There are 2 protein chains.
Amino acid sequence: MTERSYLGEFELMILLAVIQLGEEAYGVPISRELEKHRGRDVSVGSVYAALERLESKGLVSSSLGDPTPERGGKAKRYFRVTKAGLRQVHETRRVLSKLWGELPELKGERI
Amino acid sequence: MTERSYLGEFELMILLAVIQLGEEAYGVPISRELEKHRGRDVSVGSVYAALERLESKGLVSSSLGDPTPERGGKAKRYFRVTKAGLRQVHETRRVLSKLWGELPELKGERI
DNA sequence: CTTAATTTCTTCTCTATTGTTGAATTAATG
DNA sequence: CATTAATTCAACAATAGAGAAGAAATTAAG
C-alpha cells in the first residue's frame with residue numbers, strides 16, 4: 001500500500017501525548033493522557049501497539065529507563081518523538097487546517 | 001468494536017468534502033476533492049467504501065439523482081451530511097483543538 | 001435503426017494497516 | 001512468595017486502499 005501522507009487520529013493523539021509528557025512519556029501515562037482527551041477508556045495494549053508501529057515507521061524512538069525504587073518498579077520504556085515524527089505532526093496539522101479553513105460553514109471558529 | 005468517539009482521518013476528510021461540495025457531493029467529485037487536499041491519487045473505490053461506513057453509522061445519507069443528459073450521464077448517488085455527522089465533525093475539531101492547544105512546543109502556531 | 005464504442009459513475013473483491021481487548025509475562029519490592 | 005507496576009502477546013474487528021468489474025447513459029458506425 002502507498003505511504004500515507006498524514007497521521008491517523010489515534011497515532012496523532014499518541015504523538016501529541018508523547019510530546020506533551022516529555023520526560024514522563026511511557027506506556028501508562030500516555031494512555032491516561034489519551035483517556036483524558038477522549039473521555040473514555042483506552043487500553044494500554046492498544047497504546048503499545050500503536051507505539052510499536054510508530055517506532056517502526058521512525059516517528060518515535062524508545063529507551064529503557066532504570067527501575068524506580070518503588071514496589072513493582074519495573075524498568076520503564078520511555079518514548080520520545082523523532083524529528084520525522086514532529087514533521088508528521090506539523091504536516092497533519094497543515095492538512096487539517098487547510099481542510100477546515102476552506103469550509104464556509106465552519107469559518108470563524110479557529111482550531 | 002466499541003463506538004469511536006472521533007473520526008478517522010479519511011472519514012473526516014470525506015465528511016468535510018461532502019459539506020464543501022454541497023449539491024454536487026457524489027462519488028467522483030468527492031474523490032477529486034480529496035486528491036486535491038492530499039496531493040495524490042485517491043481511488044474512488046476507497047471513497048465509496050468509506051461513504052458506506054459513514055452512512056451505516058448515520059453520519060451521511062444518500063439519495064439517487066436523475067440521469068443527466070450528457071454522455072455517460074448515469075444516475076448519481078448524492079450524499080449529504082446528517083445532523084449527527086455535523087456534530088461529529090465539530091466534536092473532532094474540538095478534541096484536536098484541545099490537544100494542540102495544550103502543547104507548549106507548538107503554541108503560537110495557529111491551525 | 002441497431003449495434004458497438006465511449007463516458008461517467010457505482011459496486012465488488014481482495015489485501016494491508018490500524019485499532020482494541022484481555023490475558024500473559026516480566027521484573028521489581030515488601 | 002505475594003503484590004505491584006509495567007510491558008508484551010495473541011487474536012480479532014474495523015478502517016483504508018487499489019484495481020477490476022458492472023451499469024446506465026450517449027455518440028457514432030455501418
Side-chain angles (χ1 to χ4, degrees), chain A residues 1-15 17 21 24-32 34-35 38 40-57 59-60 62-79 88 92, chain B residues 1-15 17 21 24-35 37-38 40-57 59-60 62-79 88 92:
Chain A
M1 193 187 290
T2 317
E3 171 92 12
R4 281 218 223 168
S5 62
Y6 62 89
L7 290 164
E9 201 101 344
F10 192 68
E11 296 184 353
L12 171 63
M13 286 187 179
I14 286 185
L15 282 188
L21 289 166
E24 279 305 309
Y26 64 95
V28 176
I30 294 173
S31 56
R32 280 211 206 91
L34 291 194
E35 280 175 349
R38 306 218 292 170
R40 65 182 182 83
D41 279 11
V42 172
S43 72
V44 280
S46 67
V47 171
Y48 280 106
L51 284 166
E52 289 296 335
R53 288 194 301 267
L54 288 169
E55 183 159 37
S56 80
K57 286 190 285 188
L59 303 182
V60 303
S62 71
S63 56
L64 237 43
D66 295 323
T68 47
E70 52 182 329
R71 184 162 185 161
K74 184 182 175 184
K76 291 159 188 164
R77 187 171 160 203
Y78 290 102
F79 291 87
Q88 274 278 17
T92 298
Chain B
M1 189 192 285
T2 318
E3 172 90 10
R4 286 219 219 167
S5 63
Y6 62 91
L7 290 165
E9 203 97 345
F10 194 67
E11 296 182 354
L12 171 62
M13 286 187 180
I14 287 185
L15 280 189
L21 289 167
E24 280 306 307
Y26 63 95
V28 175
I30 293 173
S31 57
R32 281 211 205 92
E33 187 68 21
L34 291 193
E35 280 174 351
H37 288 295
R38 307 216 295 170
R40 65 184 182 79
D41 278 11
V42 172
S43 74
V44 281
S46 63
V47 170
Y48 280 105
L51 284 166
E52 289 295 336
R53 288 192 302 268
L54 289 169
E55 183 159 36
S56 79
K57 289 191 283 188
L59 303 182
V60 302
S62 70
S63 55
L64 233 46
D66 294 323
T68 49
E70 53 181 329
R71 184 164 184 155
K74 184 185 175 183
K76 292 158 188 165
R77 186 172 161 201
Y78 291 102
F79 292 87
Q88 273 279 17
T92 299

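All values derive from a computational prediction rather than experimental measurement. Each chain gets a letter, A, B and so on, in the order its sequence line appears, and its residues count up from 1.
- Note: CD (A/E24) to P (D/dA5) measures 15 Å, nearest angstrom.
- Judged by distance alone, with hydrogens and angles left aside, A/R53 brings a side-chain donor or acceptor within reach of the base of C/dG19, the pair sitting under 3.5 Å.
- In this entry the distance linking CG of A/L7 with C1' of C/dG19 reads 15 Å, nearest Å.
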Trace of the side-chain contact (heavy atoms from CB on, under 4.5 Å) decision for A/T92 with A/L15: CA-CA 11 Å; A/T92 298; A/L15 282 188; over 6 Å; no
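- When distances are taken from the side chain of B/E11 to each of D/dA16, D/dG17, C/dT11, the shortest belongs to D/dA16.
- The A/S46 side chain lies nearest to C/dT21 when the options are D/dG17, C/dT18, C/dT21.
- Rounded to whole angstrom, the span from the CG atom of A/L34 across to the P atom of C/dG19 amounts to 11 Å.
- For B/V28, counting side-chain heavy atoms from C-beta on, the closest listed nucleotide (C/dT20, C/dC9, C/dT18) is C/dC9.
- With sequence neighbours left out, the side chain to side chain contact (heavy atoms under 4.5 Å, CB included) criterion links B/T68 to B/E70, B/K76.
- Sequence order on DNA chain C of the closest nucleotides to B/Y26 and A/A49 puts B/Y26 first from the 5' end.
- At least one side-chain heavy atom of A/I30 sits less than 4.5 Å from a side-chain heavy atom of A/L51.
- Evaluation of the side chain to side chain contact (heavy atoms under 4.5 Å, CB included) rule for A/P29 yields A/L21, A/Y26 as partners, not counting sequence neighbours.
- Between A/K76 atom NZ and C/dT26 atom C1' the separation is 15 Å, expressed in whole Å.
- Contacts of A/A50 with the nucleic acid, taken as non-hydrogen atoms under 4.0 Å apart, are absent.
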Identify the pairs formed between an N or O of the protein and an N or O of nucleotides 24-28 of chain D at a distance under 3.5 Å, and give each distance.
unit_1, atom_1, unit_2, atom_2, d
D/dT27, O4', B/R71, NH1, 3.3

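- The shortest distance between side-chain heavy atoms of A/R38 and A/M13 falls below 4.5 Å.
- Side-chain nitrogen and oxygen atoms of A/R32 include none within less than 4.0 Å of the OP1 or OP2 phosphate oxygen of D/dA6.
- When heavy atoms are screened at a 4.0 angstrom cut-off, B/G27 is found touching the sugar-phosphate backbone but no base atom.
- The shortest distance between the side-chain N/O atoms of A/S43 and the OP1/OP2 oxygens of C/dT21 is below 4.0 Å.
- Residues passing the side chain to side chain donor-acceptor pair (under 3.5 Å) test with A/R77, sequence neighbours excluded: A/E52, A/E55, A/S62.
- As rounded to whole Å, 9 Å separates atom P of C/dC9 from atom OH of B/Y78.
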